[in-house]
Amino acid sequence: MRERDPRARTNTFDEVPFGYTPDEAREEAARCLQCRDAPCMNGCPVNIHIPKFIREIREGDFRAAIATIKQTNNLPAVCGRVCPQEVQCQAPCTLGRRFEPVAIGRLERFAADWESQHGVRVPEVAPPTGFRIAVVGSGPAGLTCAADLQREGHAVTVFEALHEPGGVLMYGIPEFRLPKRIVQGEIANLRKMGVAIEVNAVIGRTFTVDDLFTEGYEAVFIGTGAGLPQFLGIPGENFVGIYSANEFLTRVNLMRAYLFPDYDTPVKVGTTVAVVGGGNVAMDAARTALRLGAERVMILYRRTEAEMPARVEEVHHAKEEGVELHVLVNPVRFRGEGGRVVGVECLRMELGEPDGSGRRRPVPVPGSNFVLPVATVIVAIGNQPHPLVPRTTPGLRVAGGGTIWTDEEGATSREGVFAGGDIATGAATVISAMGAGKRSAAAIHRSLTHSHGRP
Amino acid sequence: MVNMIRAKQPLGPNVVELVVEAPRIAARARAGQFVVVRLHERGERIPLTLADWDPGRGTITLVVQMVGKSTRELGERFGIGDTIRDVVGPLGSPSAIRRYGTVVCVGGGVGIAPVYPIARALREEGNEVIAVVGARTKDLLLWLDRIAAVSSELHIATDDGTQGVKGVVTIPLQEVLTARKVAHVWAIGPAIMMKFCARTCQEFEVPVTVSLNAIMLDGTGMCGACRVEVGGETRFSCVDGPEFPGDLVNWDLLLSRLGTFTDEERYALERYVAARGGRL
């Protein structure tokens, strides 16, 4: 797929890959072997009928292709851009044994973008059932759950704490990877289906989950995500110039700080930036720092590139743009002058025995301390489940790591309360959150229609 | 209409009181909590401590010191009938209101307004409330009538001596702590004032609660911009606070972090003022 030139693109926040032309899409689709057992589908958390939509693209019936995708995936334009396809649908691709697997993600993106250019068909909604359902959080889990339930004819209201819906799709993932107009487009489609969205409503503060039941909602889905930033817990971490990735990315993405002073929210990066972590968020932060004018951006990661949890494409794009990967390196303290960070002291690591995650555990090399001079640090070592709803909802069982306990269908320990996405699993992917939103929507629909004896 | 400004009046030079329609927030607000407002599509999110609220009318009251671009804009360009784009809350953990006995509530400058609902709640709970308020000069004192209505004594200090004793609030605070057996002190105002109030209370071994005005972005615990050190632990002012034991706060860190965006704030203000054809 054609992309913006690596040097030129670091001056803008425009999306990096251009997307396929119709001819390119049909050519890529023609590579698909149309395997009868469709191993790709097993790799998809929402079970898109992949061979079917690819065949439709090959035949040039793009309208049919997007309809096939949308049977199971409400946010194809998003998933085509941010799913880790190389470990999901594309990993079991038969072609991949000898050649490049079919670029399923890019084809999905193509179909979604084609539709947005040629007129989006709003999914049909069943006749009203009279049931009211509250969805807490408007990230991937909440939006998916809301769409599926509205389609069944229920009246869904989504409550969002921030001033714009979209959750991590708006505040977390940068414009150059997921243009905000795409998220806004998906949300507009949801509204057209009849979903109500209330912003500036912090469940746990403005209302509680119990208030929602008092107000007449018959079921509540909690998809509040993993919004609590983790810090390293090392000396000097509160110096000025050290951001959590959440703060840094929220300033830039949600608040448009890259357009300061035309937008009011500022952000500051110095000439040298260190980003701690090896996931997608770390890559997003590093590439964002480059675009804000940093001259040198270093990723500090305690394992090696092979263990990085980021999508291969994100690491590739980051390196292409000039981000330096410093692997087997672990920060142990920050150095400051006058309250501002000026350096990060690190230890070199080596890989030891495999740990619980199956990855080889990084072990510090004694006495290997060294100092990197930096003006800005972005800590991107993960997020924990947001604690506000669990803390303010009596009877809601909390599992390990602050997640809300659920069964396989997303039912929590409270009757009528379901949860899914990062709040129930800990930080994971957009698509797994969407899968959870779907499962809960199905379970909520079943429980409401069964227990009340209505359709 | 929600978020519409219902009343507005100046309380002194560069200080304005706004009554905003926000029924959901008014219904749930408790002393010590705050809201985050965003003026318009391009606005930043600014935290403002609730100065008052009226669940019956569905309104909240904000007292705003016009120090930066956004607060100047709110005070100068938003009038009665205008709508603030976003108002979210109530945020933060409420004050620990219970029966202490005799308490002192200290308010400095615009900090007098947010200490008022705390004093009122403490009094309703059966405490004897002694109020100490201060400002640089007489014109900057505000809400004295309201504070007087919920306290048994009102002590006033101004830096220039134009009203009450000449000097800072710690002077009357010391006098009260010397003369009376005080169970707890609240202090709200500029960071430097709270720091010295905390020091005074420590000398008298009286517990002190302060309300920290750290830089915030979302205000719901997602970004960590507002992190402060309390008793050597990192805490988020937006969800763990904004109130903390004053004797345990790392004030130097708070002051230094408050200066994170000083250059940008000054630039934004200069640009705003120039666009309005004025001077700073």
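Only heavy atoms go into these numbers, but all of them, side chains included; no hydrogens, no water, no symmetry mates. Lettering of chains follows the sequences in order, A, B, ..., and the numbering in each one begins at 1.
- Contact tally against chain A (heavy-atom pairs below 4.5 Å) for B:Gly221, B:Gly92, B:Ser256, B:Gly219: the top residue is B:Gly92.
- Residue B:Leu254 does not touch chain A at all, counting heavy-atom pairs closer than 4.5 Å.
- In terms of heavy-atom pairs under 4.5 Å with chain A, the best-connected choice from B:Glu73, B:Arg271, B:Met222, B:His40 is B:Met222.
- Looking at A:Asp262, the atoms closer than 4.5 Å to chain B (heavy atoms on both sides) sit in the backbone and in the side chain alike.
- For B:Tyr267, the part lying under 4.5 angstrom from a heavy atom of chain A is the side chain only.
- Per-residue heavy-atom pair counts under 4.5 Å with chain A were compared for B:Thr234, B:Asp218, B:Ile46, and the maximum is reached by B:Thr234.
- Neither the backbone nor the side chain of B:Glu265 comes within less than 4.5 Å of any heavy atom in chain A.
- Inter-residue side-chain proximity for A:Val199 and A:Pro165 is flagged as met; some heavy-atom pair is nearer than 4.5 Å.
- No side-chain donor from either of A:Thr208 and A:Asp210 sits under 3.5 Å from a side-chain acceptor of the other.
- Salt bridge status for B:Arg38 with A:Asp264: absent, with no side-chain N to carboxylate O gap under 4.0 Å.
- Heavy-atom pairs under 4.5 Å with chain B peak, among A:Phe248, A:Phe260, A:Phe239, at A:Phe260.
- For B:Glu44 and B:Ser70, the side-chain atoms include at least one donor-acceptor pair closer than 3.5 Å.
- Comparing A:Pro261, A:Gly227, A:Gly233, A:Gly339 by heavy-atom pairs within less than 4.5 Å of chain B, the highest count is held by A:Pro261.
- Taking chain A as the reference chain and counting heavy-atom pairs below 4.5 Å, the highest number among B:Gly224, B:Ala268, B:Ala225 is found for B:Ala225.
- Between chain B and the residues A:Glu164, A:Glu237, A:Arg251, the largest count of heavy-atom pairs under 4.5 Å involves A:Arg251.
- Contact check on B:Arg266 versus B:Glu270 returns no salt bridge, with no Lys/Arg side-chain nitrogen under 4.0 Å from an Asp/Glu carboxylate oxygen.
- With a threshold of 4.5 angstrom between heavy atoms, A:Val379 does not approach chain B through any atom at all.
- Under the 4.0 Å criterion applied to side-chain N and carboxylate O atoms, A:Glu198 and B:Arg24 are assigned as salt-bridge partners.
- Heavy atoms of B:Arg257 lying under 4.5 Å from chain A belong to its backbone as well as its side chain.
- In the model, B:Glu243 has a side-chain atom that pairs as donor or acceptor with a side-chain atom of B:Ser95 under 3.5 Å.
- Ion pair B:Glu125/B:Arg98 not flagged as a salt bridge, since none of the NZ, NE, NH1 or NH2 atoms sits closer than 4.0 Å to an Asp/Glu carboxylate oxygen.
- By the 4.0 Å N-to-carboxylate-O rule, B:Arg6 lies close enough to B:Glu21 to be salt-bridged with it.
- When each of A:Asn238, A:Thr206, A:Leu228 is checked for heavy-atom pairs under 4.5 Å with chain B, A:Asn238 comes out on top.
- With a 4.5 Å cut-off on non-hydrogen atoms, A:Phe207 touches chain B through its backbone and its side chain both.
- Between B:Lys195 and B:Asp252, at least one side-chain nitrogen of the basic residue sits less than 4.0 Å from a carboxylate oxygen of the acidic one, meeting the salt-bridge criterion.
- Interface remark: A:Ala257 contributes no atoms to any contact with chain B (heavy atom separation under 4.5 Å).
- Using a 4.5 Å cut-off between heavy atoms, A:Arg340 touches chain B through its side chain atoms alone.
- Applying the side-chain contact (heavy atoms from CB on, under 4.5 Å) criterion to B:Ser237, with sequence neighbours excluded, gives B:Ala214, B:Met216, B:Cys226, B:Val228, B:Phe244.
- Looking at residues two or more places apart in sequence or on another chain, you find a side-chain contact (heavy atoms from CB on, under 4.5 Å) between B:Val88 and A:Asn200, A:Val202, B:Val36, B:Arg45, B:Leu91.
- Contact annotation for A:Leu259: neither backbone nor side-chain heavy atoms come within less than 4.5 Å of a heavy atom of chain B.
- Heavy atoms of A:His386 lying under 4.5 Å from chain B belong exclusively to its side chain.
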